[in-house]
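Keep in mind that this is a model prediction, so the values were computed, not measured. Every heavy atom of this structure was used, including side-chain atoms; hydrogens, water molecules and symmetry mates were not.
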Number of protein chains: 2
Amino acid sequence: MTKDERLQWFEATLEQAGLRRTLPRRVLLRLLAASETPLSAQDIYEQTGSDINLVTIYRTLNELTRLELLIRTEFGEGFYRYEPAPGPSDTAHHHHLVCDSCGSIADFEGCMVEEMLTQTVLPNNFQVASHTLTLHGTCERCQTQPSSK
Amino acid sequence: MTKDERLQWFEATLEQAGLRRTLPRRVLLRLLAASETPLSAQDIYEQTGSDINLVTIYRTLNELTRLELLIRTEFGEGFYRYEPAPGPSDTAHHHHLVCDSCGSIADFEGCMVEEMLTQTVLPNNFQVASHTLTLHGTCERCQTQPSSK
DNA sequence: TTCGGTGCAAATACTTTGCACCCTT
DNA sequence: AAGGGTGCAAAGTATTTGCACCGAA
């Protein structure tokens with residue numbers, strides 16, 4: 001999925017939900033799509049130079065998450081981080097590696113949870129819709145020169 | 001691991017950490033060990049009939065988590081839940097099924113993430129120490145009679 | 001023109017901290 | 001006796017809500 005396709009999908013989804021194409025929404029989507037790692041509300045606020053009200057950022061993040069344009073995850077820091085959803089033709093979602101030493105968050109592709117579940121018996125016929133997998137450990141940099149960030 | 005073995009492990013760990021065996025700590029460990037699902041600080045506060053100060057509960061939960069006697073997890077509710085750690089002879093940890101309809105949280109055994117990782121290439125030689133896996137979806141009850149709790 | 005959207009101020013929810021007193025070791 | 005532990009009050013973060021004004025359709 002290219003950056004353009006992604007933006008078009010965003011716009012289309014907003015439209016068919018009867019939502020307006022406003023500046024804050026576009027800015028947020030652009031920022032999140034360009035980011036290497038999931039961003040917090042505070043991160044976004046700072047990256048916009050405080051031009052968009054923090055309350056608006058929270059409201060927008062909630063709205064876009066409700067529309068499933070964003071994914072919300074908590075990495076043990078005490079607040080949520082957001083990133084763009086994989087998209088409608090979901091085939092390649094990813095998960096995250098969290099370094100417990102420096103706090104860095106990296107993506108990792110090649111999730112095999114789906115395959116794993118075909119070999120697993122779930123209690124009470126639970127119907128799985130999605131899943132979250134986060135690996136904790138130590139990143140390469142922290143393995144040699146501990147701490148910091 | 002029997003309930004008695006678990007309690008002994010708790011006491012021993014407290015002792016060798018130089019921590020005192022106090023009423024709040026015992027009560028918390030007992031409550032958590034007896035619970036079917038992970039409990040929040042508020043849950044525990046209510047289950048003790050408000051006998052133990054909420055601040056003490058938070059402090060105790062942090063302390064026991066630091067000692068790795070408890071596992072802390074966020075299930076998308078906006079607060080943390082705690083449950084007893086698998087124990088030193090960790091062989092069978094478990095993960096959770098969260099019903100997005102009623103919010104119920106159930107355990108599920110038979111995690112195969114470890115095996116999965118042997119077949120996965122992680123970026124930058126990331127060294128995995130632990131992982132969190134949560135399945136979201138619909139529980140059996142909610143598949144027939146939606147909503148409520 | 002019409003609602004939905006935004007900003008500001010204030011409120012909430014969860015969690016942590018400071019300090020004096022208490023109790024396990 | 002001594003130092004860690006607890007309770008109470010207050011503070012700190014993260015996030016939400018009420019309301020008047022603004023602006024996209």
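To the nearest angstrom, C1' of C/dG5 lies 10 Å from CG of A/L19. Between the CG atom of B/L39 and the P atom of C/dT15 there is a distance of 13 Å, given to the nearest Å. A/I52 places its CD1 atom 7 Å from the P atom of C/dG7, with the value rounded to the nearest Å. Rounded to whole Å, the distance from CG on A/D43 to C1' on D/dT15 is 15 Å. Rounded to whole angstrom, the span from the CG atom of A/D51 across to the P atom of C/dT6 amounts to 14 Å. Computed from coordinates, the B/I57 CD1 to D/dG5 P distance equals 17 Å when rounded to whole Å. Between B/R21 atom CZ and D/dG4 atom P the separation is 17 Å, expressed in whole Å. Summarising the geometry, the separation between CZ on A/R72 and C1' on D/dT15 is reported as 10 Å, rounded to the nearest angstrom.
Within 4.0 Å (heavy atoms only), A/F79 reaches sugar-phosphate atoms of the nucleic acid but no base atom. Nucleic acid contact class of B/R25 (heavy atoms, under 4.0 Å, all strands): sugar-phosphate only.
Comparing D/dT17, D/dG5, C/dG5 by their nearest atom to the side chain of A/R20 picks out C/dG5. In the set C/dT15, D/dA9, D/dA14, the nucleotide with an atom closest to the side chain of B/V55 is D/dA9. Candidate nucleotides C/dT15, D/dT15, D/dC8 were compared by shortest atom distance to the side chain of B/N53, and D/dC8 ranks first.
Under 4.0 angstrom from either OP1 or OP2 of D/dG4 there lies no side-chain N or O belonging to B/T22. Between B/N62 and C/dT15, a side-chain N or O to OP1/OP2 separation shorter than 4.0 Å is absent. Close to C/dT15, at under 4.0 Å from its OP1 or OP2, lies a side-chain N or O of B/Y58.
Relative ring orientation between B/H95 and B/H131 is described as tilted, the plane-to-plane angle lying within the 30° to 60° band. Ring orientation note: the planes of B/F75 and B/H96 are nearly perpendicular, at an angle over 60° on the 30°/60° scale.
With no hydrogens or angles considered, no side-chain donor-acceptor pair links B/N62 and B/T65 at under 3.5 Å.
Between B/R59 and B/G18, the residue anchored closer to the 5' end of DNA chain D is B/G18, taking for each the nucleotide with the nearest heavy atom. Both B/G78 and A/L54 lie close to DNA chain C; mapped to their nearest nucleotides by heavy-atom distance, the more 5′-ward contact belongs to A/L54. Between A/T60 and B/S40, the residue anchored closer to the 5' end of DNA chain C is A/T60, taking for each the nucleotide with the nearest heavy atom.
Around atom CD of B/E68, no more than 12 heavy atoms belonging to other residues, nucleotides or ligands sit under 6.0 Å away.
The side-chain hydrogen bond (donor to acceptor under 3.5 Å, both in side chains) with B/R81 is formed by just one residue from the set B/D43, B/T73, B/T37; it is B/D43.
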